Asks: 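To start, I am sharing the structure in question, which I have written as C-alpha cells.
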Amino acid sequence: MTSSITAAALAAALMTGLAAPALAQDAPMSPRPEVAAQARFEQDRQSILAMAGDYRVRFEFDETTPFLDGYEPREPTRSGGHEIVRVIADTGNFISLQHTLVAEHGGQTLIIKHWRQDWAYQPETVLSYTGPDTWALAPVAEADRAGAWSQTVWQTDDSPRYGGVGRWDYSNGVASWEARTWRPLARRDATRSPPYDRYDAMNRHVITPAGWVHEQDNFKVRQGEDGLETVVHEFGVNTYTRFDDYNVAAGDAYWTATADYWAAVRGLWDEAIAAGAGSIHVDEEAEWGSEVSEALMTLADRIQGGEVGTSAAIAEATRIIAEETGQGG
C-alpha cells in the first residue's frame, strides 16, 4: 500500500511539475521595449507613406464663431481638383511627400507644383512660423520628441510655411497625427485683406479607407494693442480620395523634367536657413505666398518647355533666393 501511495504521489508531483511550464508558455508575453518601439516606428512610417498616391481632392473651409464684436464670418469656401502625391525622399527617419495639382482648362492640362510635407522622426528642432514673414528653428524638448514626428510644410516654391511636432495615434483602429502650430495666412484669406494676419492652428492628418483627410481647427488671430487677439474660428477639411481617372502622367512628366531643379531649390532654402543661424525672413504677398514664388515656379515651367537648361535655371534661382534672404553680394 505504501508503495502504491508513493507512486501516486510521485505521479501527481510529476504531472504538476509538467503542467506549470505548459501554462507559462500559453501566457502572452510582452515584447521587449526595443521591439515594440521598432514596430511602432514602422507603423508610423506606413501611415505617412499611405498619403502618397493619386487623388481627387475636396477643400472645405467654414468660419464658425466670431470673437471680435461686429465681425461677420465669411461665406463657406469650397474648391477641389486632382492631385498627385509622390515620395521624393525616404531615408527611414525622414520622408518627403511632394504634392502636384493637375487641372484641365480650355482643353489643356495645367500642372501646378503644390505644397510639400517633410516628416522627421524624433527631431531635435522644427521650423516654426514666428510672425509676419519670419520663421525660426525651434528646439524640441527630449520628452516631446520621443516617439514623435515633425511635419514641416513648404510653399509651392519650397519656401517655408509652418511646422509642428506630434505623435501618431491608433486608437479605435484609426491612424491619426496632430500638432498645434502657428501658420501664415492661406491664399483664400490673404487675397481679401482680412482683419487677421495668422492662424493658431491644430492640424490633424487621418488615414481613411479611401485615402486620407487633413483637418484644420483654426483660430484666426491678429496683433491687438494689448497682444494677440482672436477674430474668428474656422474649421477646414481637405479630403483626399483615391482616384486616377485624370492625366496623372502629365503631373509625373512635369516632376521628371524639373526634379533636379527643385532639389537644388530645396537645398538653397536650407542653406539660407542655416546661414541665418536657424532663422529666415521671406517677404510674402497675397497671390503667390512668397514674393519670389512666381519667378521660381516660372523657371521650372521654362525647364519643362525646353526654354532654359536646368543648370542655368538653378543659377538664376540661386541669385533670386540670395537676394530675397539678404545673402546677395
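Everything numeric in this text was worked out from a predicted model, so none of it was measured.
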Asks: Any side-chain heavy atom of Leu299 within less than 4.5 Å of one from Ile320?
Replies: yes
Asks: How far apart are the closest heavy atoms of Pro195 and Tyr71, and which atoms are they?
Replies: CG-CE1, 3.7 Å
Asks: Would you kindly confirm whether Phe235 and Met202 end up in one hydrophobic cluster when ILVMFWY residues are joined by side chain heavy atoms under 4.5 Å apart?
Replies: no
Asks: Is there a side-chain contact between Leu137 and Val126, using heavy atoms and a 4.5 Å cut-off?
Replies: no
Asks: Is there a side-chain contact (heavy atoms from CB on, under 4.5 Å) between Val282 and Glu291? Walk through the geometry before answering.
Replies: CA-CA 8 Å; Val282 182; Glu291 287 190 346; over 6 Å; no
Asks: Are side-chain heavy atoms of Arg183 and Asn203 found at a separation under 4.5 Å?
Replies: yes
Asks: Under the criterion side-chain contact (heavy atoms from CB on, under 4.5 Å), I'd like the reasoning laid out for Asp217 against Glu178: C-alpha separation, chi angles, the key distance, then a yes or no.
Replies: CA-CA 10 Å; Asp217 189 353; Glu178 67 180 32; over 6 Å; no
Asks: Run the numbers on Asp301 and Tyr254 for side-chain contact (heavy atoms from CB on, under 4.5 Å), then give the verdict.
Replies: CA-CA 8 Å; Asp301 291 339; Tyr254 168 87; 3.8 Å; yes
Asks: Any donor-acceptor pair under 3.5 Å linking the side-chain atoms of Tyr246 with those of Thr109?
Replies: no
Asks: Are any of the side-chain heavy atoms of Asp158 and Arg116 separated by less than 4.5 Å?
Replies: yes
Asks: Side chains of His114 and Thr156: closer than 4.5 Å at any heavy-atom pair?
Replies: yes
Asks: Would you say the side-chain atoms of Tyr129 pair up with the backbone N or O of Gly131, donor to acceptor, closer than 3.5 Å?
Replies: yes
Asks: Give the minimum heavy-atom separation between Gly163 and Ser128, together with the two atoms involved.
Replies: O-OG, 4.2 Å
Asks: Measuring from Glu83:CD to Tyr240:OH, what's the distance to the nearest 0.5 Å?
Replies: 4.5 Å
Asks: Keeping the roles fixed (side chain from Trp269, backbone from Asp157), state whether a donor-acceptor pair exists under 3.5 Å.
Replies: yes
Asks: Taking all non-hydrogen atoms of both residues into account, name the closest pair between Val165 and Pro123 and its distance.
Replies: CG2-CG, 4.3 Å
Asks: For Phe219 and Phe67, take the angle between the two ring planes, folded into 0 to 90°, and tell me which bin it lands in: parallel under 30, tilted 30 to 60, perpendicular over 60.
Replies: tilted
Asks: Taking C-beta and beyond as the side chain, do Gln122 and Asn93 meet within less than 4.5 Å on heavy atoms?
Replies: no
Asks: Are Tyr196 and Glu229 close enough that some pair of their side-chain heavy atoms sits under 4.5 Å apart?
Replies: no
Asks: Are there more than 12 heavy atoms of other residues, nucleotides or ligands under 6.0 Å from atom CG of Asp283?
Replies: yes
Asks: What orientation do Phe41 and Tyr121 show, parallel under 30°, tilted 30 to 60°, or perpendicular over 60°?
Replies: tilted
Asks: Is there a path of hydrophobic side-chain contacts, each under 4.5 Å between heavy atoms of I, L, V, M, F, W or Y residues, that connects Tyr55 with Ile48?
Replies: yes
Asks: Calculate, to the nearest 0.5 Å, the distance between atoms NE2 and CG belonging to His82 and Asp54 respectively.
Replies: 10.5 Å
Asks: Looking only at non-hydrogen atoms, find the nearest pair between Leu185 and Pro194 and report the distance.
Replies: CD1-CG, 3.8 Å
Asks: Do Val57 and Ile111 share a hydrophobic cluster (ILVMFWY, side-chain heavy atoms under 4.5 Å, transitive)?
Replies: no
Asks: Can any side-chain N or O of Ser159 pair as donor or acceptor with the backbone N or O of Gln155 at less than 3.5 Å?
Replies: no
Asks: Are Glu234 and Arg188 ion-paired here, with the side-chain N under 4.0 Å from a carboxylate O?
Replies: yes
Asks: Is there a donor-acceptor pair closer than 3.5 Å between any side-chain N or O of Arg145 and the backbone N or O of Val140?
Replies: yes
Asks: Using the side-chain contact (heavy atoms from CB on, under 4.5 Å) rule, take Arg58 and Thr241 through it: C-alpha gap first, then chi angles, then the decisive distance, then the call.
Replies: CA-CA 8 Å; Arg58 179 73 173 167; Thr241 304; over 6 Å; no
Asks: Are any of the side-chain nitrogens in Arg78 or Asp62 under 4.0 Å away from the carboxylate oxygens of its partner?
Replies: yes
Asks: How many angstroms lie between atom CG of Asp133 and atom CD of Glu284, to the nearest 0.5 angstrom?
Replies: 5.5 Å
Asks: So which of Asn218, Val231, Val232 actually passes side chain to side chain contact (heavy atoms under 4.5 Å, CB included) with Glu63?
Replies: Val232
Asks: Just how far is it from atom CG of Asp189 to atom CG of Asp197, taken to the nearest 0.5 Å?
Replies: 11.5 Å
Asks: Report yes or no: do Phe243 and Val102 belong to one cluster of Ile/Leu/Val/Met/Phe/Trp/Tyr joined by side chain heavy-atom distances under 4.5 Å?
Replies: yes
Asks: Verify, without hydrogens or angle tests, whether Ser290 (side chain) and Ser293 (backbone) share a donor-acceptor contact under 3.5 angstrom.
Replies: yes
Asks: Looking at side-chain heavy atoms only, is the closest gap between Gln98 and Trp255 below 4.5 Å?
Replies: yes
Asks: Do Gln38 and Glu42 have side-chain atoms, one donor and one acceptor, less than 3.5 Å apart?
Replies: yes
Asks: Taking 4.0 angstrom as the limit, do Asp44 and Arg40 come out as a salt bridge?
Replies: yes
Asks: Would you say Trp149 and Val85 are hydrophobically clustered, going by side-chain heavy atoms of ILVMFWY under 4.5 Å?
Replies: yes
Asks: For Glu124, look at atom CD and say whether over 12 heavy atoms of other residues, nucleotides or ligands are found less than 6.0 Å away.
Replies: no
Asks: To the nearest 0.5 angstrom, please state how far the CZ atom of Arg198 sits from the CG atom of Leu228.
Replies: 5.0 Å
Asks: How far apart are the closest heavy atoms of Ser47 and Ile207, and which atoms are they?
Replies: O-CD1, 3.4 Å
Asks: Identify the two heavy atoms, one from Asn238 and one from Glu60, that lie closest to each other, and give their separation to 0.1 Å.
Replies: OD1-N, 4.2 Å
Asks: Can you confirm whether the side chains of Asp118 and Trp154 place a donor and an acceptor under 3.5 Å from each other?
Replies: yes
Asks: For the aromatic rings, using the six-membered ring if either is Trp, is the centroid distance between Trp119 and Trp177 under 6.0 Å?
Replies: yes
Asks: So, Gln117 versus His205: side-chain donor-acceptor pair below 3.5 Å or not?
Replies: no
Asks: In Å, rounded to the nearest 0.5 Å, how long is the span from OG of Ser176 to CZ of Arg204?
Replies: 7.5 Å
Asks: Could you check whether any side-chain N or O of Trp182 sits under 3.5 Å from a backbone N or O of Tyr162, counting only pairs where one atom can act as donor and the other as acceptor?
Replies: no
Asks: Do side-chain atoms of Glu323 reach the backbone of Thr318 as a donor and acceptor pair under 3.5 angstrom?
Replies: no
